[in-house]
Every structure is written in C-alpha cells, then in structure tokens.
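Since we're looking at a predicted model, the values are computed, not measured. Each chain gets a letter, A, B and so on, in the order its sequence line appears, and its residues count up from 1.
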Amino acid sequence: NAGVTQTPKFQVLKTGQSMTLQCAQDMNHNSMYWYRQDPGMGLRLIYYSASEGTTDKGEVPNGYNVSRLNKREFSLRLESAAPSQTSVYFCASSEASGAWDTGELFFGEGSRLTVL
Amino acid sequence: SQQGEEDPQALSIQEGENATMNCSYKTSINNLQWYRQNSGRGLVHLILIRSNEREKHSGRLRVTLDTSKKSSSLLITASRAADTASYFCATANQAGTALIFGKGTTLSVSS
C-alpha cells in the first residue's frame with residue numbers, strides 16, 4: 001500500500017502564480033487534512049475534510065482553497081502565490097468520522113514549495 | 001493558536017541515555033498523541049494515550065498523562081542514534097474534528 005501520496009514533491013513558483021497540490025490516500029479513510037510546516041512554527045492546520053463533500057477551515061486558511069474530489073483525494077490550491085506561502089505542505093488522513101473521534105493520522109512525505 | 005507546546009525545544013544526549021520531553025496543552029482533551037518526524041520526512045504516529053489513562057508503554061517509549069496539570073511526557077529509554085528526530089505532541093482542536101500540533105522537540109542522539 002502506498003498510504004498517503006502527495007504530488008509534486010518540489011515546486012518553485014513566482015509571486016502571483018497559481019498551483020494545486022494533490023493528495024491521495026488508499027486506506028479508505030474518512031478524514032483528510034492539509035498542514036503547513038515552517039521552521040520554528042511546527043505544523044499548522046490549513047483545511048480539513050471530515051468526509052467526502054465537506055471541508056472546514058483550520059488555523060491558517062487564508063490564501064488557500066481545497067477540494068475533496070472524492071473519498072480518496074483532497075487537493076490544496078494556491079490561487080495567487082505569495083512568498084509567505086513558502087513552506088513544506090503535508091497531507092494526512094485518518095479513519096475519524098466525527099467529532100472527538102480523532103485517531104491516528106497518516107502523513108504523506110510532504111510537498112516543498114518555494115514562492116519567489 | 002497551537003494547543004500543545006513541547007519542552008525543551010532541543011535536547012542533545014549520548015546513546016544509551018534516556019530522553020524525556022514534555023507537552024503542555026490548554027483545553028480539555030479526549031486523547032493526546034505523540035508523533036515523530038525524521039529530517040525531511042512526514043510525521044509518523046508513535047502512541048496515543050486517552051484522557052482516562054495515566055501511563056502507556058510501547059517498546060522503549062513511555063508516555064504519561066496528567067490531566068489535572070494539562071501535561072504529558074514522552075520518555076525514550078536507552079536512546080539510539082536512530083532516535084534522532086523531532087517529536088511532536090498533538091491534541092484535538094476545540095471542535096474535536098482535527099489534530100493541532102505543538103512546535104516539537106528536536107532530539108539529537110550522538111554515538
């Protein structure tokens with residue numbers, strides 16, 4: 001099993017360009033998440049999806065949009081990239097299907113984005 | 001804002017020594033989880049301790065939870081160079097629908 005797969009692994013953008021980070025999981029998990037990781041800041045939650053067809057904002061949603069395309073796939077879009085969005089982005093999934101059911105998260109290997 | 005905060009930020013020890021890292025959190029929890037991240041990799045789940053548990057073991061890992069102090073500790077016994085990594089605690093957000101992570105403790109184990 002591949003687990004959680006993220007593409008691309010590396011990307012360089014210019015300010016104002018748009019791009020979509022793709023994430024797919026093969027574990028039939030209900031919930032999927034997008035985090036960003038910056039030096040000294042730990043991981044911060046951008047958006048999450050508790051089930052197919054639903055998405056919710058996390059701690060730092062500004063500048064991002066998400067789509068839960070189906071149960072397997074959860075994409076993160078930067079409409080107009082800014083240097084402040086230079087970061088490592090992690091997608092994760094879990095079996096959780098409701099509030100206070102947050103169990104183990106399975107992470108992808110990360111997508112390293114640089115915005116010039 | 002982040003729910004959990006790890007302490008210390010960085011820890012350097014020799015192989016064979018024990019490593020202890022602490023996590024403090026702000027609100028009531030259902031469970032608390034610890035994760036490990038090797039350099040340049042994704043996070044990997046280590047252990048989950050529920051709010052009604054006080055201690056849990058997994059191999060060389062020992063986790064304690066004190067809900068009255070809103071704190072948890074992760075002990076790694078007989079550390080190895082391969083334990084070099086960053087360690088994060090995580091608890092649920094206020095809605096209970098996603099995990100919020102602390103800033104992590106960076107552990108360096110030298111041989």
Verdict with supporting geometry, B:Y35 and A:L105, side-chain contact (heavy atoms from CB on, under 4.5 Å): CA-CA 9 Å; B:Y35 287 78; A:L105 265 61; 3.4 Å; yes
B:Q9, part contacting chain A, at a heavy-atom distance under 4.5 Å: neither
B:R60 atom CZ: more than 12 heavy-atom contacts under 6.0 Å: yes
Segment of A:Q37 engaging chain B (4.5 angstrom heavy-atom cut-off): side chain
Pairing residues for A:N30 by the side-chain hydrogen bond (donor to acceptor under 3.5 Å, both in side chains) criterion, not counting sequence neighbours: A:K71
For A:F90 against B:G42, the heavy-atom pair lying closest together: CE2-CA, 3.5 Å
Neighbour count above 12 (heavy atom, 6.0 Å) for A:R77 CZ: yes
Interchain contact, A:F106 with chain B, by part (heavy-atom threshold 4.5 Å): neither
Pair listing, ring pair (Phe, Tyr, Trp, His ring centres under 6.0 Å) test, anchored in residues 64-92 of chain B, at least two apart: none
Heavy-atom closest pair, residues B:Q33 and A:E104: OE1-CA, 3.7 Å
Same cluster (ILVMFWY, side-chain, under 4.5 Å), A:V60 and A:V88: no
Minimum-distance pair of heavy atoms, taken over all atoms of B:A98 and A:L45: CB-CD2, 3.5 Å
Joint hydrophobic cluster, B:L43 plus A:I46, side-chain heavy atoms closer than 4.5 Å: no
Shortest non-hydrogen separation from A:Y48 to B:T97 and the atoms involved: OH-OG1, 2.6 Å
Flag if over 12 foreign heavy atoms under 6.0 Å of CD, A:E73: yes
Distance (rounded to the nearest 0.5 Å) between B:L99 CG and A:Y33 OH: 6.5 Å
Pairwise distance CZ(B:R41) to CD(A:E109) - rounded to 0.5 angstrom: 4.0 Å
